[in-house]
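As structure tokens, the structure follows; a few thoughts come after it.
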Amino acid sequence: MASSSSSLSRISTLQNHISPLEANNKLRSLVKISPQVSEAISSGRAVVALESTIISHGMPYPQNLQTAKEVESIVRENGAVPATIAILNGVPCIGLNEEELERLASLGKSIQKTAGRDIPHVVATRANGATTVSATLFFASMVGIQVFVTGGIGGVHRHANHTMDISSDLTALGRTPIAVISAGVKSILDIPKTLEYLETQEVYVAAYKSDEFPAFFTEKSGCKAPSRVDSPEDYANMKLNRKAGILFAVPIPKQHSAAGNLIESATQRALTEAREQNVTGNAETPFLLARVNELTGGTSLAANCSSAFSAGVSFLINLKLRLSFWT
Ligand code: PSU
Ligand code: MN
């Protein structure tokens with residue numbers, strides 16, 4: 001059905017004859033919001049955006065499906081509505097049903113990793129796309145969702161001084177006023193440079209109950225957090241009407257943090273392999289995540305993803321209970 005001529009006419013409808021504003025309106029009209037998310041948005045209930053590349057490319061099947069379901073149920077148990085975001089057959093979907101989640105998880109890396117720049121292509125060719133943090137921020141802000149929970153965000157890659165590889169997650173955060181809650185940045189990336197770049201992008205960064213910025217698997221990265229938030233009350237004085245995003249880094253609970261040294265040596269080895277095998281661009285993060293997982297025993301790390309998620313979710317649920325943050 002999706003012949004190349006119909007794909008081309010879809011591209012021309014989307015891009016050729018209309019202004020950028022009209023193109024965004026057109027894209028908005030293609031978006032499908034699930035009944036639960038739509039009801040929650042219109043009645044002002046809490047909605048939490050969740051990305052889908054972490055499901056397709058960040059973890060192996062079936063742990064990915066299990067984690068995705070667990071995260072959704074944690075959000076639900078706390079009275080909020082989860083909105084996992086992905087593009088299915090060219091339709092940007094805000095909120096997935098069980099069957100769609102299963103499809104996304106089992107497709108794994110065969111689904112296209114979709115950052116912000118890839119959205120027009122995936123939509124126009126009616127492809128399936130798993131949204132990264134940058135693309136998820138775009139759709140979440142389009143429908144008015146204010147909070148987004150994920151595991152680890154993309155950042156400045158090691159050797160970025162040679163490769164210029166800096167995740168578009170950081171620039172998207174710089175222009176999207178959404179609060180992203182994550183377990184920090186994995187040490188597959190250059191964490192000090194990532195923090196510098198977030199500063200350049202005017203992203204407010206705070207660690208929760210810690211002076212140090214966390215490194216996803218471990219509570220500490222060796223970098224001081226730009227600021228610290230100890231309670232939701234601390235956060236209450238902040239105004240959300242800025243143009244840039246906010247990054248809350250919630251350290252993984254102590255009992256779940258895996259041995260830092262083991263992960264660091266696996267990371268070093270995975271980075272060497274990536275260079276030897278000439279893995280670059282958007283293939284690098286999934287390659288490194290998979291190799292570090294393999295080298296450190298897989299399942300235990302996949303389980304850690306859900307602990308890190310839980311930490312993020314409990315932080316924002318706390319926020320919701322104590323502040324009228326959601327409306
Ligand atoms: N880091 C992780 N887990 C992930 C990702 C990053 O620890 O799953 C995924 C996220 O979807 C993130 C994306 O938005 O990778 C960043 O990819 P890149 O480095 O190609 O920009
Ligand atoms: Mn990149």
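Residues take their numbers from the sequence shown, with the count starting at 1. Both counts, for ligands and for their atoms, begin at 1 and track the order of listing. These figures come from a predicted structure and were not determined experimentally.
By the 6.0 Å contact criterion, CD on E202 is open, its count of non-hydrogen atoms from other residues, nucleotides or ligands being 12 or less. Within a 6.0 Å sphere centred on CD of E99, heavy atoms belonging to other residues, nucleotides or ligands number 12 at most.
K69 has no carboxylate O lying under 4.0 Å from a charged side-chain N of E72, or vice versa, which leaves the two without a salt bridge. Ion pairing of E284 with K113 is absent here, as no side-chain N (NZ or NE/NH1/NH2) approaches a carboxylate O to less than 4.0 Å.
Side-chain polar atoms of S52 and T131 form a donor-acceptor pair below 3.5 angstrom.
Under the 4.5 Å side-chain criterion, counting only non-hydrogen atoms from C-beta, T136 is not in contact with T53. Using a 4.5 Å heavy-atom threshold, the side chains of E39 and Q36 count as separate.
Closest approach of V37 and P82 over heavy atoms only: CG2-O, 3.7 Å.
Each protein N/O/S atom under 2.8 Å from the Mn ion (ligand 2) was counted, for a total of 1.
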Within the protein, flag every N or O under 3.5 Å from an N or O of ligand 1, and note the pair and distance.
from: ligand 1; atom 1: 1 (N); to: G152; atom 2: O; distance (Å): 3.3
from: ligand 1; atom 1: 7 (O); to: K186; atom 2: NZ; distance (Å): 2.8
from: ligand 1; atom 1: 11 (O); to: E51; atom 2: OE1; distance (Å): 2.6
from: ligand 1; atom 1: 11 (O); to: E51; atom 2: OE2; distance (Å): 3.4
from: ligand 1; atom 1: 14 (O); to: V133; atom 2: N; distance (Å): 2.8
from: ligand 1; atom 1: 14 (O); to: D169; atom 2: OD1; distance (Å): 3.2
from: ligand 1; atom 1: 14 (O); to: D169; atom 2: OD2; distance (Å): 2.7
from: ligand 1; atom 1: 17 (O); to: K113; atom 2: NZ; distance (Å): 3.1
from: ligand 1; atom 1: 19 (O); to: H157; atom 2: NE2; distance (Å): 3.2
from: ligand 1; atom 1: 19 (O); to: T285; atom 2: OG1; distance (Å): 2.6
from: ligand 1; atom 1: 20 (O); to: K113; atom 2: NZ; distance (Å): 2.7
from: ligand 1; atom 1: 21 (O); to: S167; atom 2: OG; distance (Å): 2.7

Salt bridge (Lys or Arg N to Asp or Glu O under 4.0 Å) between K26 and E22, intermediate numbers included: CA-CA 6 Å; K26 176 74 189 167; E22 287 169 320; over 6 Å; no

